[in-house]
Engineer: 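I am attaching a structure below and will ask some questions about it afterwards.
We name chains A, B, ... by the order of the sequence lines, and we start the count at 1 in each one.
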Amino acid sequence: MAVLATDDFNRADNADVGANWTVSTSFTRWGIVTNAAAPSDLASDCAERYSGATWPDDQYSSAVIKAVTGAGAGVDRGGGVSVRNSTSAQTVYLGICQVSSSNPDCAILKIVTGTFTQLGSANGDFVATDTIYLEVQGTTLKLRKGSGGADLISVTDGAIASGQAGVGYSSTITDFDLESWEGGDFAAAGTAAVTGTAGDGATEAEIVTGGATIITTLTGDTWVTAGATFNAQRQAIINGLDSAGSETNGWNNEVRDKQGVANVVRTSNTVVTITLDAQAAYDITANETITVTVPGSALTSGLPITATPTFDVAFAATYEQVSFRFRNDDGDLYAP
Amino acid sequence: MKRFYLSPVIGTGVKGDPFRAKIADTGHSYAALIPSKSDGTPASSWCLVVAGGIDHTDLDADTAIDKFPDITKDATLGTITAQERNRVLTFLQNRGVDTTGITPTSTFREVLDRVGQILETRFSTNNFDVADQ
């Protein structure tokens, strides 16, 4: 699973959720109340889709409940999350919950061009701080308490093929709001391989001299767009070159913190080459192991990657020749 | 205890009265296979349901709901009586399900998949479940 978007709703009260959110067609908006997202009108059906990301058809939406109070007067009432929100019609899957001691308290709703269908209901016993999670993969929908929780409802439906993830509410219950939200997909996370004349292992002298390279090659991900977008991430890429050591004149102080961004080059969509600047003050007393962590901000996925393998900089001992002369008991120089 | 049923689809599709399995109004936890037409209305007047709950006597008493036998999905129809097997084949045929090839060696899973795939070709019993609470 990969996270494509998050929102902690931690901002000033507002009638609108925020810039990355769009009110779903024919629904009422959500707003921000006390650092949480809440339906703007508990007596109306409210839904917003996260329009600030590109959504694959297979997606999930999950949120931490800040408050859920009251049982709705019907089988299709409650608040929660949504998947495959249409951008042009009142069409969406909702995973919702309410509070009920006698009946099922969570459900999957399908709404197609404004027509409601309930695909299942179960007892989730949702309370504040629980996470409500809804996913759709192909034609299978699953509602859970937390992404790793057991399936409360698992059902097949092929009516809605695509759309955006978001939040949803079907009126009316007493109170409902969410303190954080996350949406994502099921793609395997990308990987990054480290090579290069430094990336394959370097000596202390090579680091001092400069010119050694660290080449990071991605698989299953790409670097952000070349030009200003990538250039803005070069310092973050350098910051991801960390030594496990902490010597005063070691890698972190003399190389990572002094490397210039000019020599961080986006060689292709999947390759970045860092050519190390000369660092005359680099001086270590033991080998250093360097880990390359690619920041999420530099990647299309937005997800950080710890590259492999680590590489070492080998400490080079320096020797000073010392000459000795020996005298015998008579004071004469010993001649071997 | 979870059991499988064929249930009428009820409701009008509006808020407060969504299209749903009749079993939805009984208080049982459930999941229902209800495919829709492009306008959101149900593609069929009946649906396949898996329902949870300790006591299923209310569902057993409802003549509008067809009950599948209470056997595991990997059990064969040979493990139920011939009378029970014929009852199942009869209500399936009454719903328009082609029962050709369903024999005492057929597993219950095969029967459920065949029924579900009439409603939705991509249906699999493996992805059809509800928490039994």
Engineer: Can you say whether A/A159 sits under 4.5 Å from chain B via the side chain, the backbone, both, or neither, judging by heavy atoms?
Structural biologist: side chain

Engineer: Taking it one step at a time, do B/F128 and B/F123 satisfy ring-ring contact (aromatic ring centres under 6.0 Å, His included)?
Structural biologist: CA-CA 8 Å; B/F128 188 59; B/F123 173 81; 5.2 Å; yes

Engineer: Out of A/V83, A/D157, A/D57, A/I108, which one pairs with A/V136 under the side-chain contact (heavy atoms from CB on, under 4.5 Å) rule?
Structural biologist: A/V83

Engineer: Any carboxylate oxygen within less than 4.0 angstrom of a Lys/Arg side-chain nitrogen, looking at B/D70 and B/K67?
Structural biologist: no

Engineer: Do you know which of A/L119, A/T113, A/D151 has the most heavy-atom pairs under 4.5 Å to chain B?
Structural biologist: A/L119

Engineer: Among B/E120, B/K15, B/K37, who wins on heavy-atom pairs under 4.5 Å with chain A?
Structural biologist: B/K15

Engineer: Is B/T12 in contact with chain A via its backbone, its side chain, both, or neither, using a 4.5 Å heavy-atom distance?
Structural biologist: neither

Engineer: Where does A/S100 contact chain B at under 4.5 Å (heavy atoms): side chain, backbone, both or neither?
Structural biologist: neither

Engineer: Once rounded to the nearest 0.5 Å, what's the spacing between atom NE2 of B/H28 and atom CE of B/M1?
Structural biologist: 9.0 Å

Engineer: Top residue by heavy-atom pair count (under 4.5 Å) with chain A, among B/T26, B/I34, B/T121, B/L119?
Structural biologist: B/I34

Engineer: In plain terms, say whether A/D41 and A/R29 are close enough for a salt bridge, that is, a side-chain N and a carboxylate O under 4.0 Å apart.
Structural biologist: no

Engineer: With only heavy atoms counted, which part of A/S170 is less than 4.5 Å from chain B, the side chain, the backbone, both or neither?
Structural biologist: both

Engineer: Do A/D76 and A/K110 meet the salt-bridge criterion of a basic N to acidic O distance under 4.0 Å?
Structural biologist: no

